[in-house]
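What you see is a predicted model, and the numbers here were worked out from it, not measured in a lab.
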Amino acid sequence: MSKRLLGPRSNEFVENIWLLILRVCGGAFMLTHGIPKLQTLFGGGEIAFADPFGIGATFSLILTIFAEVCCSVLLILGITTRLASIPLIFTMCVAAFYIHGNDPFSNKEMALLYLVIYTSILIYGGGKFALGRLVRGR
């Protein structure tokens, strides 16, 4: 029994549990930022949102909502995890380096932490406990 706990299969299991935790927490925490933006979009009032690429505040907000809500849900479920992490990485880069670019580190710290999480998911994937893996039959 102790060999199995210390062997490579155990390490693989722990890694997959960690990827599950990373996906679910990273996605769920980001939903707390995305859902208020979604409410802003459908609130009926005037939209005051950053427009870093000159595409309009409303369209910038829609793209951010897509990343923070839709892609976060995909991460939580483990569906197209690597692909879903890309818009989140892009959004966190914009938040950290454009929106908070001239701010002190404490203001960009959260975006950078999310950036590390989503970049890790891009590199390592969703792990064995992802629904996308079940659908593909692996």
Side-chain angles (χ1 to χ4, degrees):
M1 177 131 172
S2 64
K3 284 185 177 182
R4 185 170 185 196
L5 288 175
L6 300 174
R9 297 194 83 195
S10 176
N11 290 341
E12 182 182 329
F13 177 76
V14 170
E15 289 168 8
N16 284 297
I17 290 292
W18 178 246
L19 288 171
L20 172 66
I21 292 168
L22 199 61
R23 280 190 301 103
V24 171
C25 290
F29 293 167
M30 185 51 63
L31 282 175
T32 67
H33 299 276
I35 289 174
K37 290 178 179 84
L38 186 63
Q39 293 169 335
T40 297
L41 182 65
F42 293 112
E46 186 177 331
I47 294 174
F49 196 75
D51 182 19
F53 302 106
I55 57 176
T58 302
F59 193 62
S60 293
L61 178 61
I62 290 168
L63 289 175
T64 303
I65 290 169
F66 169 75
E68 293 183 358
V69 176
C70 298
C71 293
S72 291
V73 169
L74 290 173
L75 280 188
I76 292 168
L77 297 175
I79 300 171
T80 64
T81 356
R82 284 190 165 116
L83 189 60
S85 68
I86 294 169
L88 288 161
I89 290 169
F90 184 79
T91 302
M92 292 305 102
C93 283
V94 170
F97 303 118
Y98 179 81
I99 305 300
H100 297 292
N102 293 325
D103 294 347
F105 179 76
S106 61
N107 290 14
K108 47 184 121 181
E109 181 177 8
M110 187 65 71
L112 293 172
L113 285 170
Y114 281 122
L115 181 59
V116 169
I117 290 170
Y118 301 136
T119 302
S120 299
I121 291 170
L122 176 66
I123 293 168
Y124 293 104
K128 280 188 175 180
F129 304 114
L131 286 179
R133 193 174 177 99
L134 293 174
V135 171
R136 290 188 311 267
R138 289 197 249 161

Could you go through residues 83-92 and list every donor-acceptor pair under 3.5 Å that involves a side-chain atom there, pairing it with any protein atom two or more places apart or in another chain?
from: S85; atom 1: OG; to: R82; atom 2: O; distance (Å): 2.7
from: T91; atom 1: OG1; to: P87; atom 2: O; distance (Å): 2.7

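Residue I21 is grouped with residue V24 when hydrophobic side chains (ILVMFWY) are merged at heavy-atom distances under 4.5 angstrom, including chains of intermediate members. V69 and I62 end up in the same hydrophobic cluster when Ile, Leu, Val, Met, Phe, Trp and Tyr side chains are linked at under 4.5 Å. Hydrophobic clustering of Ile, Leu, Val, Met, Phe, Trp and Tyr side chains at less than 4.5 Å, counting indirect connections, unites I123 with L19. Side-chain heavy atoms closer than 4.5 Å link hydrophobic residues (I, L, V, M, F, W, Y) into clusters, and following such links, even through other members, never connects L77 to F66. Both L20 and F29 are assigned to one and the same hydrophobic cluster, defined by single-linkage of ILVMFWY side chains at heavy-atom distances under 4.5 Å.
L38 CG to L61 CG: the interatomic distance, rounded to the nearest 0.5 Å, is 8.5 Å. Note that CD1 of I76 is 11.5 Å distant from SG of C71, once rounded to the nearest 0.5 Å. A distance of 7.0 Å separates CD1 of I121 from CD1 of I117, quoted to the nearest 0.5 Å. Note that the CZ atom of F13 and the NZ atom of K128 stand 10.0 Å from one another [nearest 0.5 Å]. Considering OH of Y118 and CG of L122, their distance stands at 13.0 Å, rounded to 0.5 Å. For the atom pair CG of N102 and CD1 of I99, the computed distance is 11.0 Å after rounding to the nearest 0.5 Å.
Between G127 and N16, the shortest heavy-atom contact is CA-OD1, 3.2 Å. V94 approaches P52 most closely through the heavy-atom pair CG1-CG, 3.9 Å.
Side-chain contact between I79 and V73 is absent, with no heavy atoms from C-beta onward closer than 4.5 Å. For the pair I17/F129, a side-chain contact is recorded, criterion being any heavy-atom separation below 4.5 Å from C-beta on. Looking at heavy atoms from C-beta onward, Y124 lies out of side-chain contact with E15 at the 4.5 angstrom threshold.
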*Determine, stepwise, if the pair F59 / L63 fulfils side-chain contact (heavy atoms from CB on, under 4.5 Å).*
CA-CA 6 Å; F59 193 62; L63 289 175; 3.6 Å; yes
*Show your reasoning for whether side-chain contact (heavy atoms from CB on, under 4.5 Å) applies to L74 and T81.*
CA-CA 7 Å; L74 290 173; T81 356; over 6 Å; no
_side-chain contact (heavy atoms from CB on, under 4.5 Å) for L41 and T58? Distances and angles first, verdict last._
CA-CA 8 Å; L41 182 65; T58 302; 4.3 Å; yes
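Using a distance-only test at 3.5 Å, with no hydrogens or angles considered, no donor-acceptor pair links the side chain of R133 to the main chain of G78. With K108 contributing its side chain and G101 its backbone, the two residues share a donor-acceptor pair below 3.5 Å.
Heavy atoms from other residues, nucleotides or ligands lying under 6.0 Å from CZ of F49 number more than 12.
Residues satisfying the salt bridge (Lys or Arg N to Asp or Glu O under 4.0 Å) criterion with K37, sequence neighbours excluded, are E68. With sequence neighbours left out, T64 forms a side chain to side chain donor-acceptor pair (under 3.5 Å) with no residue at all.
Using a 30° and 60° split on the angle between ring planes, F53 and Y98 fall in the parallel class, below 30°.
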